Amino acid sequence: MQHQRSARLKDRLGKVAFGGDYNPEQWPAEVIAEDLSLMRRAHVDLATVGVFSWAQVEPRPGEFDFGFFDRVIDDLYDAGVYLSLATMTASPPPWLSAKYPEVLPMRADGTRLWPGARQHYCPSSPVYREHAVRLAEQVAARYGDHPGLVLWHVGNEYGVHVAECYCDVSAADFRTWLHDRYGTVEALNDAWSTAFWSQRYDRFDEVFPPRVAPAHPNPAQQLDFARFSSDAMLACYRAEVEVLRRLTPDVPVTTNFCCIWKAVDYWAWAPYVDIVSLDSYPDPSDPEGHIEAALNYDIVRSLKGKPWLLMEQAPAAVNWRPRNATKQPGAMRLGSWQAVARGADAVMFFQWRQSRGGAEKWHSGMVPHAGPDSRTYREVAELGAELTASPEIAGTDVEAEVALVLDWPNWWALELDSHPSVDVTMREALLAHYAPLFQTGVTCDVVQSSSDLSRYRLVVVPDLYLTTEEAARNLTTYVRAGGHLLLSFFSGLVDECDRVHLGGYLGPLRELVGAHVEEWYPLDNGGSVKVQLADSLGGQTVAATVWSEVVVPSAAEVVGSFAGGELAGRPAVLRNTLGEGTAWYVATKLERPGMRRVLEAALAEAGVRPMVAGLPEGVEAVTRGTSPGTRTTFVLNHRPDPVTVTLEHPVVDLLADRPAATELSLGARGVALLREAVSPETAAGEP
Ligand code: GAL
């Protein structure tokens, strides 16, 4: 059923969808009329409508007025624009909190968050949920049969402004959640190590969220509160989905996820969306923004192993950074194709028309304040035409032989306070491993430590601080059976309750690594240490930062050693043969060249080759299958200057009017779509 639902969008549109958030309630009728004709000109075929329209459609409690949207939605459909319709619950109207002040969320220090912006609700609030569900029901009953409806958009970016609520309503909900998880207060005491600092609880109702306290709150309590908070938002989301399923079982449901977002465990959420969608706002002034964007796209694609939707991106500048660079000519097109290359079946923007008033009036729109006679609108319309000309890409898969591990509980636990170093963070750890893979031209999926890994040739595991016995068994079994794995420092340390695995660090991963860690020497802020790589890794001396530790090998071979600092001469990089496979261990944060060198060795041993060999710096290559028998390699030049890429054999670039060639010239921020026929064996996974 989920499969049929999720196919609806592609079946109706027949191509990669193109459009954006449309907020017509901000505009008079004549502007809306112009919008429809400009959308047609720009090949827009999908609009997200109603995300912030609650106050408009329910101006007073229980009084609904959908007249305005009835007309807009019909007009959009007549203009060839399908509907991604919001349940309109993202920003409660002022009357809700005036009538029920307890719906307002609270910070850890007791500060109430007031209305006047958006997302001002406590996710656990029964009052909020009841009103949100009632509205979702009204919307679904009214528009569920509309021929233009292809997608439900529930809420908006859960957890982006209010990720955790510490109010009394949340406290009560947290206690229920703990009771469900632990059953007895004794089990809770055990899980939270409450013998420490006299924290033993006698009853569940003595427990609170980890509000601001005189010293570090109990780490296991913090970890459970992060789990609870993600679950509370999920329950809120699911309450609306239940209504939609009942009234419109054939319409797929999504909610827009955010890039590398700590508060929401997207693995836990993914089963409850039919299609994953993502909002992506790489910083145009960050020369490596495209690498982080690629990582995000690989994460969301992997959540369901299927095409996903780029639900929002900025046409030019955003308004919420301290300094808001605009996208240079060609950058919006490049970023859009990058998302498509990594599996997006929609290219959407926030928002269609740049607002005249309100907090986001300096955020770009597809139609900017200057109107359609503008660079932004012209680039939008050109991209719309280009996407219309390549319909066969929609619905196809992305090929990956490497997987990167990301577990949300590990992320929460890794960044708890009172740790050996504040410099060990998940985002940095992910990028330290992902960026060299990206630069080598190798595509990754993202998996959990407990996922089935058997289809991957190499699995990369950044800083797995929280390692469950189950995860350790899974990773070890994968390697024993012939898998290749690279693990980094500060791993195998605690269980799911943040209790240390005793008997030598690396705990349940000791057999996998063929070593244990005895103690660590975190580096000073900005400090670095040299690592001498063995001849088998090229023999260079490379730099490392953040971390060093005392590794005691039992079976592993040392292939890199600290060449200075407190640990001079001790192992820094290890390689262990276990069963049919190989595990690499990196005991410090190697800077990019060193990490690239080690990863290239691991890739070579695992038999992974890049899609395009010898890519120049700043050029990305990703392959997406198309119809059976063909595939498309996207080559994307993120540099501000032209570049030439040498291909193994001549290939046609679908976006350029020129014959097949082995020398591919790409202009600054240029894009090529190389279409090739593939034999059945190659399609089955041979490079
Ligand atoms: C997103 C949000 C949109 C808009 C956009 C601006 O986080 O979903 O409503 O605010 O940011 O960049």
Side-chain angles (χ1 to χ4, degrees), residues 19-27 46-56 84-93 113 115-121 123 151-163 233 236-237 240 254-264 266 269 273 275-286 289 292-293 296-297 300 308-327 331-332 335-336 339 344 346-369 376 380:
D21 272 35
Y22 184 39
N23 297 303
E25 64 270 39
Q26 297 174 14
W27 297 101
L46 186 64
T48 303
V49 174
V51 178
F52 301 107
S53 306
W54 190 341
Q56 160 101 13
S84 154
L85 186 58
T87 53
M88 308 193 181
T89 55
S91 189
L113 299 177
R118 61 176 174 184
Q119 213 172 75
H120 43 281
Y121 61 85
L151 186 64
W152 287 122
H153 179 296
V154 177
N156 192 63
E157 288 189 342
Y158 281 88
V160 161
H161 302 304
V162 179
M233 288 183 278
C236 216
Y237 163 81
E240 291 189 36
T254 195
T255 182
N256 44 346
F257 290 165
C258 254
C259 285
I260 318 193
W261 202 254
K262 183 176 174 183
V264 184
Y266 289 141
W269 282 56
V273 300
I275 310 179
V276 176
S277 59
L278 178 80
D279 298 348
S280 174
Y281 291 96
D283 185 349
S285 65
D286 175 355
E292 191 162 342
N296 281 298
Y297 303 158
V300 289
W308 53 280
L309 311 176
L310 176 61
M311 189 56 87
E312 292 180 20
Q313 62 170 333
V318 299
N319 65 314
W320 40 262
R321 294 194 172 96
R323 285 162 211 86
N324 295 296
T326 202
K327 291 185 177 172
M332 180 274 285
S336 302
V347 172
M348 307 280 286
F349 296 86
F350 179 87
Q351 59 176 326
W352 164 254
R353 187 180 279 273
Q354 186 169 8
S355 296
R356 182 162 186 216
E360 295 189 315
K361 59 184 171 301
W362 304 124
H363 189 293
S364 57
M366 297 160 81
V367 182
H369 289 150
T376 300
V380 162

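Order of listing sets the numbers, starting from 1, for every ligand and every atom in it. Side-chain atoms are counted along with the backbone in the values below, which use heavy atoms only and exclude waters and symmetry mates. Everything numeric here is computed off the predicted structure, so don't read it as measured data.
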Quick one: side chains of residues 357-365, donor-acceptor pairs under 3.5 Å with protein atoms, not counting sequence neighbours, listed by atom name and distance.
from, atom 1, to, atom 2, distance (Å)
Lys361, NZ, Gly358, O, 3.3
Ser364, OG, Ala316, N, 2.9
Ser364, OG, Ala317, N, 3.1
Ser364, OG, Ala317, O, 2.8

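Looking only at atom types and distance, the side chain of Tyr158 has no donor-acceptor partner in the side chain of Gln119 under 3.5 Å away.
Considering only non-hydrogen protein atoms, atom 10 (O) of ligand 1 sits nearest to Glu360 OE2, 2.4 Å. Summary of contacts: the protein heavy atom closest to atom 5 (C) of ligand 1 is Tyr281 OH, 3.3 Å. The shortest contact between atom 6 (C) of ligand 1 and any protein heavy atom is with His363 NE2, 3.1 Å. Annotation: atom 1 (C) of ligand 1 to nearest protein heavy atom, Glu312 OE1, 3.0 Å.
Just one of Leu278, Asn256, Val300 meets the side-chain contact (heavy atoms from CB on, under 4.5 Å) condition when paired with Met311; it is Asn256.
In this structure the side chain of Asp21 never reaches within 4.5 angstrom of the side chain of Phe349, judged on heavy atoms.
Between the side chain of Asp283 and the backbone N or O of Gly289, no donor-acceptor pair lies under 3.5 Å.
Against a heavy-atom cut-off of under 4.0 Å, Asp279 is close to the following atoms of ligand 1: 8 (O). Near Glu157, meaning under 4.0 Å from any of its heavy atoms, are these atoms of ligand 1: 1 (C), 2 (C), 7 (O), 8 (O). Within the listing of ligand 1, atoms 9 (O) sit less than 4.0 angstrom from a heavy atom of Phe52. Distances below 4.0 Å separate heavy atoms of Trp320 from the following atoms of ligand 1: 6 (C), 12 (O).
Taking the six-membered ring for Trp and the full ring otherwise, Tyr266 and Trp261 have centroids separated by 6.0 Å or more.
Contact between Arg118 and ligand 1 is present, with at least one heavy atom of the residue lying under 4.0 Å from the ligand. Using a non-hydrogen distance threshold of 4.0 Å, Asn156 registers as a contact of ligand 1.
Checked against side chain to side chain donor-acceptor pair (under 3.5 Å), Trp308 has no partners two or more places apart in sequence or in another chain.
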